[in-house]
Protein chains: 2
Amino acid sequence: MLFQVDAHAAEPIFEQIVFQVKGGVAQGELAAGDRLPSVRDLARRLSVNPNTVIKAYDTLHREGVIVRRQGAGCFVSDAPSGLADAERARQLDQLVERTVTEAFHLGFGAGEIREAVDRHVKSVRFPGKNPGKNPHKNPGKNKNANKKRSSA
Amino acid sequence: MLFQVDAHAAEPIFEQIVFQVKGGVAQGELAAGDRLPSVRDLARRLSVNPNTVIKAYDTLHREGVIVRRQGAGCFVSDAPSGLADAERARQLDQLVERTVTEAFHLGFGAGEIREAVDRHVKSVRFPGKNPGKNPHKNPGKNKNANKKRSSA
DNA sequence: TCAACTGTTCTGTTTGATATAGAACAGTTA
DNA sequence: TAACTGTTCTATATCAAACAGAACAGTTGA
């Protein structure tokens, strides 16, 4: 998986990393058990301080997206959210309210908003759905994802 | 309209104000031409520095949500976004990608995401749609919104 | 006209988050 | 055991957010 960050963007670097990992998992580019680049490796590749990568991985770990094994590396988790249902519902509501409100002020109508959501929902690899029809993840490409030290 | 902010929230105070105004407009609680509270009044009510309110109003003005008339006040604008179509599309895409990805990691499926979007889309007062069926905005409540100095 | 409101624009200061640099310690793997 | 992993410190620089206070300028209505 290819990482890239923009040091001049409004979004903090560590959050850019967090979202790229989340996006990779959602798109099926990263699967449960896959190993992330090591802290030092990713920091070198992005020309960024290792502490910044650590902060990103901390966030991903806190949200249950990855698990960390000292000495071994960080791996994509397969466990679900872990939050209480009420909290999950609250967060979804807040996310969607935000997006719909902003879309409204961008001048989009109900139909256009629903279309955009549909488009993105279809690109996501939900668990137990559409096995093997995702454009990413060349079959066999990840055969040694847990063996080698690092991958793209 | 009722404003409230949380000084301890992760979101900056000025952004909370911005979103509440945007939400008010989207929900039909604020209509084009309505006057916002004055900078000093809102600052006093929220126990917040006037400069913070100014920053919020600056943002709303920059995004075309309000217009400002020195000595008179700030008013809800009726002009559309003003951004180029390509930029509007780009921003919508980014918003929706973000929300769908986060919803995925919260453990929600395609159906639940679409439902949440539907629910919020229906609560929004799109221009030229559903005249007068919105639960907010008691008819006649705003009869002097442009005459009095300040309102809730 | 004038008082009382409005927005606008300064100059500061404090605080916290972001990101950097560098070092050291601890577990894993081949 | 060597070379990698994650982990945990300290310290520093920079910037955004929010605060405090003052002053200037336009609008409104009595």
Legend entry - Contact list for residues 90-100 of chain B, test salt bridge (Lys or Arg N to Asp or Glu O under 4.0 Å), sequence neighbours left out: A:E11-B:R98, A:R119-B:D93, B:E87-B:R90

Inset, instruction - Could you check which of D:dT27, C:dT8, C:dA19 has an atom nearest any side-chain atom of B:R68? - result: C:dT8

Inset, instruction - Please tell me which of the listed nucleotides, D:dG6, C:dT28, C:dA19, lies nearest to the side chain of A:R69? - result: C:dT28

Inset, instruction - Report the C-alpha distance between B:I13 and B:V53 in whole Å, list the side-chain angles of each, state the deciding distance to 0.1 Å, and finish with yes or no for side-chain contact (heavy atoms from CB on, under 4.5 Å). - result: CA-CA 9 Å; B:I13 295 174; B:V53 178; over 6 Å; no

Legend entry - side chain to side chain donor-acceptor pair (under 3.5 Å) against A:D6, all qualifying residues, sequence neighbours excluded: none

Inset, instruction - Establish, yes or no, whether the cationic atom of B:R68 lies under 6.0 Å from the six-membered ring centre of B:F75 and within 45° of the ring axis. - result: no

Got a list of protein N/O to nucleotides 13-18 of chain C N/O distances below 3.5 Å?
{"unit_1": "C:dT18", "atom_1": "OP2", "unit_2": "A:K55", "atom_2": "NZ", "d": "2.5"}

Legend entry - Residue-phosphate contact under 4.0 Å: A:S38 side-chain N/O, D:dC4 OP1/OP2: no

Legend entry - Inter-end axis angle, the helix from C:dT1-D:dA30 to C:dA30-D:dT1, with every axis fitted to five base pairs (rounded, 10 degrees): 30°

Inset, instruction - State plainly whether the residues A:R125 and A:E29 are in salt-bridge range, i.e. N to O under 4.0 Å. - result: no

Legend entry - Side-chain ion pair, A:R114 and A:D118, N-O less than 4.0 Å: no

Pairwise N/O distances under 3.5 Å, protein to nucleotides 22-25 of chain C:
{"unit_1": "C:dG22", "atom_1": "O6", "unit_2": "A:N51", "atom_2": "ND2", "d": "3.4"}

Legend entry - Contact list for residues 15-61 of chain A, test ring pair (Phe, Tyr, Trp, His ring centres under 6.0 Å), sequence neighbours left out: none

